[in-house]
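Chain identifiers are assigned alphabetically (A, B, ...) following the order of the sequence lines, protein sequences preceding nucleic acid strands; residue numbering begins at 1 within each chain.
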There are 2 protein chains.
Amino acid sequence: MTEMPSPDAIKVWARLMRVSRQLMERAEDALKEGSLPPLAWYDVLHELAEAGEGGLRPFQLIERTLFAQYNISRLLARLEADGLVEKLPVADDGRGQIIRVTAKGRETRRRMWAVYGRSIAELVGAKLSPDELGMVSALLGRLRHPPATD
Amino acid sequence: MTEMPSPDAIKVWARLMRVSRQLMERAEDALKEGSLPPLAWYDVLHELAEAGEGGLRPFQLIERTLFAQYNISRLLARLEADGLVEKLPVADDGRGQIIRVTAKGRETRRRMWAVYGRSIAELVGAKLSPDELGMVSALLGRLRHPPATD
DNA sequence: TCGATATCGATGCATTTGCATCTATGTAGA
DNA sequence: TCTACATAGATGCAAATGCATCGATATCGA
């Protein structure tokens with residue numbers, strides 16, 4: 001059966017899509033202004049930095065970042081070409097590889113964060129109170145699949 | 001001054017970006033499954049349908065949809081090639097044109113909405129109560145630039 | 001053990017996006 | 001009016017994305 005959305009649901013959808021696009025664009029612009037790589041690079045470098053020396057398999061990056069498989073494959077190729085990550089063979093699976101962030105990759109991530117973090121502070125942190133931040137993230141968590149538990 | 005973001009602000013940012021990407025992707029998938037055009041087409045057809053017989057200038061579409069100028073230019077070319085919109089010369093400005101949705105364009109929009117609206121109902125309407133929907137849209141409105149007034 | 005099937009990651013090709021710039025028309029100031 | 005500048009929209013070219021598929025290895029069931 002075709003249950004159509006309420007006007008309130010439509011409004012949430014519209015704002016979600018526009019606000020996220022607008023904020024993402026602003027953050028990207030700030031990075032460009034600093035001659036830094038795009039946000040997608042940050043996401044990957046961030047996950048790899050958190051993973052530490054053990055690194056991550058490409059498919060783990062796909063799970064964590066939601067990028068498409070071919071997208072990760074090519075993004076990693078670019079990151080490797082720039083010396084930000086290294087690809088290591090993995091002992092017990094001849095198909096796979098381990099991706100590890102290099103020192104240069106960590107440094108790039110750090111410089112990106114100086115700009116990116118400032119964008120987040122300005123675009124989100126400065127607009128809502130701590131209580132409101134908690135509410136938004138709880139409600140957005142409910143829209144996620146699977147729903148967030150915190 | 002510009003400080004670094006609080007953990008709560010970071011969490012809101014992260015969820016905003018991930019949830020919006022995830023939901024957008026699902027809505028796109030639903031359209032593809034129905035052999036329908038992508039969401040971007042809907043946005044433009046929707047604005048044009050609301051504008052009525054008077055149509056809209058491309059620069060007005062840019063303001064309303066947040067697409068880049070070159071993006072609108074090419075999107076309109078594709079829509080015209082598919083017979084969904086028509087381009088009319090504008091009397092008092094030789095540089096410009098008026099874009100008007102055709103009957104076929106209206107019909108396509110209608111068919112897209114049957115699928116798109118259902119996605120919104122499932123992905124948003126079904127996940128939050130009416131009160132919660134109101135809260136999210138109010139809070140997201142504060143993140144917009146300029147902030148929403150309602 | 002072998003054959004079928006699934007998973008990991010890469011890639012050829014078409015489409016789309018991003019950037020810079022172009023053409024054409026409009027506007028404003030000397 | 002004539003010149004400089006601004007605005008509307010298109011486009012060439014490079015980069016990124018999406019789609020389908022491939023090659024290689026792993027796994028599972030008979």
Side-chain angles (χ1 to χ4, degrees), chain A residues 21-22 24-44 47-48 55-82 84-100, chain B residues 21-22 24-44 47-48 55-82 84-100:
Chain A
R21 256 199 305 185
Q22 194 179 39
M24 175 101 66
E25 201 167 309
R26 284 183 174 236
E28 291 276 18
D29 287 349
L31 288 171
K32 261 176 242 164
E33 199 138 342
S35 304
L36 290 164
L39 277 186
W41 290 35
Y42 184 87
D43 289 351
V44 168
E47 293 298 336
L48 290 174
L56 287 175
R57 300 281 300 267
F59 71 87
Q60 297 178 296
L61 281 169
I62 290 167
E63 293 163 5
R64 286 166 170 72
T65 61
L66 304 185
F67 288 127
Q69 184 269 323
Y70 55 79
N71 224 323
I72 283 290
S73 178
R74 282 158 168 156
L75 184 41
L76 290 176
R78 282 172 234 146
L79 288 169
E80 189 189 25
D82 264 44
L84 305 183
V85 306
E86 53 188 351
K87 298 181 175 183
L88 309 171
V90 51
D92 60 341
D93 189 340
R95 297 167 300 180
Q97 47 190 322
I98 291 283
I99 308 296
R100 215 166 54 186
Chain B
R21 258 199 304 185
Q22 194 181 39
M24 175 100 66
E25 201 167 308
R26 286 182 172 238
E28 291 275 19
D29 286 350
L31 287 171
K32 264 176 239 162
E33 198 138 342
S35 304
L36 290 164
L39 276 186
W41 290 37
Y42 184 87
D43 288 352
V44 169
E47 294 298 337
L48 290 174
L56 286 175
R57 300 281 299 267
F59 71 85
Q60 296 178 296
L61 281 169
I62 290 168
E63 292 164 5
R64 286 167 170 70
T65 60
L66 305 186
F67 288 127
Q69 184 269 321
Y70 55 81
N71 223 324
I72 283 290
S73 178
R74 282 158 168 156
L75 184 41
L76 290 176
R78 283 172 233 147
L79 288 169
E80 189 189 25
D82 264 44
L84 305 184
V85 307
E86 53 188 353
K87 298 182 174 182
L88 310 170
V90 50
D92 59 341
D93 188 341
R95 298 166 300 181
Q97 49 191 320
I98 290 283
I99 309 296
R100 216 167 51 187

Expressed as a whole number of angstroms, how long is the span from [X]:[atom1] to [N]:[atom2]?
{"X": "B:L56", "N": "D:dG9", "atom1": "CG", "atom2": "C1'", "result": "15 Å"}
{"X": "B:L61", "N": "D:dG9", "atom1": "CG", "atom2": "C1'", "result": "12 Å"}
{"X": "B:I62", "N": "D:dT7", "atom1": "CD1", "atom2": "P", "result": "13 Å"}
{"X": "A:Y70", "N": "C:dT15", "atom1": "OH", "atom2": "P", "result": "15 Å"}
{"X": "B:L75", "N": "C:dT15", "atom1": "CG", "atom2": "P", "result": "16 Å"}
{"X": "B:L39", "N": "C:dT16", "atom1": "CG", "atom2": "P", "result": "14 Å"}
{"X": "A:N71", "N": "C:dT16", "atom1": "CG", "atom2": "P", "result": "16 Å"}
{"X": "B:I72", "N": "D:dT11", "atom1": "CD1", "atom2": "P", "result": "16 Å"}

Under 4.5 Å between any side-chain heavy atoms of [X] and [Y], yes or no?
{"X": "A:V85", "Y": "A:R100", "result": "no"}
{"X": "B:D43", "Y": "B:L66", "result": "no"}
{"X": "A:F59", "Y": "A:Q69", "result": "no"}
{"X": "B:L36", "Y": "B:W41", "result": "no"}
{"X": "A:V90", "Y": "A:D92", "result": "yes"}
{"X": "A:L84", "Y": "A:L48", "result": "no"}

Check nucleotides 13-15 of chain D against the protein and report each pair of N or O atoms closer than 3.5 Å, with its distance, or say if there are none.
from: D:dC13; atom 1: N4; to: B:R74; atom 2: NH2; distance (Å): 3.3

Nearest heavy-atom neighbours spanning [X] and [Y]:
{"X": "A:L31", "Y": "A:P38", "value": "CD1-C, 4.2 Å"}
{"X": "B:E47", "Y": "B:L61", "value": "CB-CD2, 3.8 Å"}
{"X": "A:R57", "Y": "A:Q97", "value": "CD-O, 3.0 Å"}

* Asked: Which residues, if any, of residues 24-34 of chain A bring a heavy atom under 4.0 Å of DNA chain D?
  ->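 None - not one residue of the stretch has a heavy atom sitting under 4.0 Å from the strand.
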* **Strand-adjacent residues in residues 86-97 of chain B, judged by heavy atoms under 4.0 Å from DNA chain D** =>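 Residues of residues 86-97 of chain B under 4.0 Å from DNA chain D: B:K87, B:R95, B:G96, B:Q97.
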* May I ask you to establish whether B:R21 and A:F67 are in a cation-pi arrangement, using a distance under 6.0 Å from NZ or CZ to the six-membered ring centre and at most 45° from the ring axis? =>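 Yes, B:R21 lies over the aromatic ring of A:F67.
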* Hey, could you give me the CD1/CD distance between A:I99 and A:Q60, rounded to the nearest 0.5 Å? =>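 Rounded to the nearest 0.5 Å, the CD1-CD separation comes to 10.5 Å.
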* For the base of C:dA10, is there a side-chain donor-acceptor partner from A:Q69 under 3.5 Å away? ->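 Counting by modelled atom types and ignoring angles, a donor-acceptor contact under 3.5 Å is found here.
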* Asked: With respect to the side chain of B:S73, which nucleotide from C:dG9, C:dA10, D:dG9 is positioned closest?
  ->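 Among C:dG9, C:dA10, D:dG9, the one nearest the side chain of B:S73 is D:dG9.
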